[in-house]
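Everything quoted here is computed from the prediction, not taken from an experiment. The chains referred to below are lettered A, B, ... by the order of the sequence lines, with proteins before strands, and numbering in each begins at 1.
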There are 2 protein chains.
Amino acid sequence: MQNQKNYLPLHRYAKQNMDIIKLTDRQLALIEKLGLIFENGLQPAAARIAALLLVSDKLELTFDEIREQLNLSKSATSNALNLLLSMDRIEYITKPGDRKRYFKSNLSDWKENMKVKFLEFDKVHKTMREVLDQRPHSTKEFNRGLEDFINFMEFMNREIPALFKKWELSKK
Amino acid sequence: MQNQKNYLPLHRYAKQNMDIIKLTDRQLALIEKLGLIFENGLQPAAARIAALLLVSDKLELTFDEIREQLNLSKSATSNALNLLLSMDRIEYITKPGDRKRYFKSNLSDWKENMKVKFLEFDKVHKTMREVLDQRPHSTKEFNRGLEDFINFMEFMNREIPALFKKWELSKK
DNA sequence: TATTTGGTTCTCTTATTGCAGAACCAAAAA
DNA sequence: TTTTTGGTTCTGCAATAAGAGAACCAAATA
């Protein structure tokens with residue numbers, strides 16, 4: 001159980017992994033690029049942290065390593081990390097004899113998140129159906145168009161879980 | 001061609017469709033609900049206009065009708081309408097002898113928009129692939145997880161167009 | 001016991017968004 | 001020619017977001 005906090009005297013381990021992580025230009029560029037993508041749904045600081053944890057050679061970074069790499073203040077780092085933790089986009093491990101937390105990207109949960117996102121349609125088409133239900137019969141053509149659109153969303157909602165399954169099967 | 005501006009003296013047509021549109025409580029509630037959904041990607045005023053144009057009995061509303069129904073200022077109405085127009089989420093028609101524009105929801109384009117949105121994945125997985133390409137071999141397990149995720153996104157990207165086709169076929 | 005570490009929380013600034021209200025404008029009508 | 005209509009554009013304000021910096025804190029170390 002790595003996550004158990006079982007501290008040993010710090011001096012026995014200190015700086016063990018503290019080679020200053022140095023990013024190549026290519027990596028920096030990728031962080032910017034990914035960061036922009038992630039800003040769809042995340043604040044900039046959090047987006048760049050998420051990107052950093054994918055791009056960096058070293059996968060498990062401490063608070064201060066993240067802070068330094070991205071030139072963030074402590075508060076920004078703290079808030080962004082906690083946000084990402086609460087979204088399950090990252091997680092952390094601890095190491096025996098070391099109080100620091102090592103943050104890493106939570107890849108496995110991403111797929112879950114994606115499923116959830118796909119299925120968010122559900123709310124949309126249900127509300128749209130409500131809209132259709134209260135429309136007057138007189139706007140026939142529009143109603144037909146709307147119904148078509150709703151049916152389409154429902155179709156997607158039915159088929160997408162099947163796609164997930166198909167993917168799982170194709171891997172075996 | 002309804003869109004041709006062929007003005008006739010206003011008095012011959014004035015107020016023809018100017019029955020004050022009155023929304024039921026149910027409709028107002030639906031506008032709020034849909035409005036919230038649309039706020040994902042739209043400013044509040046624009047979101048509620050988009051909702052109004054789906055919910056209202058009357059489908060083609062003028063600038064002032066929209067403005068009054070939603071209690072917006074002229075500037076907010078103008079800006080929101082132009083935003084929606086530029087996104088192709090609404091369109092307008094004109095009527096002979098009438099300078100006003102009649103705005104309506106552009107349902108057909110919505111499906112297009114949805115396709116585009118689905119295919120936005122493309123950018124994401126391409127960048128992710130770049131990330132994977134520059135990762136050190138040493139983080140084998142992580143790389144495998146990342147690759148799995150990328151493959152999954154590529155799979156989705158391949159399969160979703162097929163789903164669109166399947167839908168089109170199922171309608172015939 | 002005093003100090004250091006690994007953060008968290010509070011306060012303040014700055015930048016951005018979203019909108020109201022008024023001024024403005026061109027085309028049409030009077 | 002003046003007025004009205006159907007908007008657009010400009011100015012300014014209030015609310016919110018994003019993050020810096022400092023104060024703070026509990027657990028671990030010295």
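Remark: P of dT8(C) and CG of Leu81(A) are 8 Å apart, rounded to the nearest angstrom. Put simply, OH on Tyr92(A) is 12 Å from C1' on dG6(C), counting in whole angstrom units. In this entry the distance linking CD of Glu68(B) with C1' of dG7(D) reads 14 Å, nearest Å. The distance between atom CG of Leu83(A) and atom P of dA17(D), rounded to the nearest whole Å, is 13 Å. In this entry the distance linking NZ of Lys100(B) with P of dG7(D) reads 8 Å, nearest Å. The separation between Glu65(B) atom CD and dG7(D) atom C1' is 15 Å, rounded to whole Å. Atom P of nucleotide dT8(D) and atom CG of Leu84(B) are separated by 13 Å, given to the nearest angstrom. Atom-to-atom, CG of Asn71(A) to P of dG21(D) comes out at 10 Å; the value is rounded to the nearest Å.
Between the NZ atom in Lys123(B) and the CD1 atom in Ile37(A) there is a gap of 6.0 Å [rounded to 0.5 Å].
For dC19(C), neither phosphate oxygen OP1 nor OP2 lies less than 4.0 angstrom from any side-chain nitrogen or oxygen of Asn79(B). Remark: Ser78(B) is in phosphate contact with dT8(D), judged by side-chain N or O atoms under 4.0 Å from OP1 or OP2. Between Gln43(B) and dC19(C) there is a side-chain N or O to OP1 or OP2 distance below 4.0 Å. Here Arg99(B) does not reach the OP1 or OP2 of dG7(D): none of its side-chain N or O atoms lies under 4.0 Å away. For Arg101(A), no side-chain nitrogen or oxygen approaches OP1 or OP2 of dG6(C) to under 4.0 Å. At the phosphate of dA20(C), neither OP1 nor OP2 sits under 4.0 Å from any side-chain N or O atom of Arg67(B).
Comparing the end axes of the helix from dT1(C)-dA30(D) to dA30(C)-dT1(D), each fitted to five base pairs by superposing C1' atoms of four pairs onto the next four, gives an inter-axis angle of 20° (nearest 10 degrees).
Annotation: Lys171(A), atom NZ; neighbour count of heavy atoms from other residues, nucleotides and ligands within 6.0 Å is above 12. Heavy-atom contacts from other residues, nucleotides or ligands closer than 6.0 Å to CD of Glu168(A) number more than 12. Around NZ of Lys140(B), the count of heavy atoms belonging to other residues, nucleotides or ligands within 6.0 Å does not exceed 12.
Salt bridge absent: Lys100(A) and Asp64(A) never bring a charged side-chain N and a carboxylate O closer than 4.0 Å. A salt bridge links Glu65(B) and Lys58(B); the closest N-O separation between the charged side-chain nitrogens and carboxylate oxygens is under 4.0 Å. Salt-bridge formation is detected for the pair Glu130(A)/Lys33(B): a Lys NZ or Arg NE/NH1/NH2 atom is positioned less than 4.0 Å from an Asp or Glu carboxylate oxygen. Ionic pairing of Lys126(B) and Asp122(B) is present here: one or more N-O contacts between side-chain nitrogen and carboxylate oxygen are shorter than 4.0 angstrom.
At a cut-off of 3.5 angstrom, the base of dG19(D) holds no donor-acceptor pair with the side chain of Ser75(A). Side-chain N/O atoms of Lys74(A) and base N/O atoms of dG7(C) include a donor-acceptor pair closer than 3.5 Å. At a cut-off of 3.5 angstrom, the base of dG19(D) holds no donor-acceptor pair with the side chain of Ser73(A).
Closest to the side chain of Ala76(A), out of dG19(D), dG6(C), dT8(C), is dG19(D). Of the candidate nucleotides dA20(C), dT8(D), dG7(C), dT8(D) has the atom nearest to the side chain of Asn82(B). Nearest nucleotide to the Phe63(B) side chain, out of dG7(D), dG7(C), dA20(D): dG7(D).
Among the heavy atoms of the strands lying under 4.0 Å from Ala45(B) are primed sugar atoms or P, OP1, OP2 only; no base atom is included.
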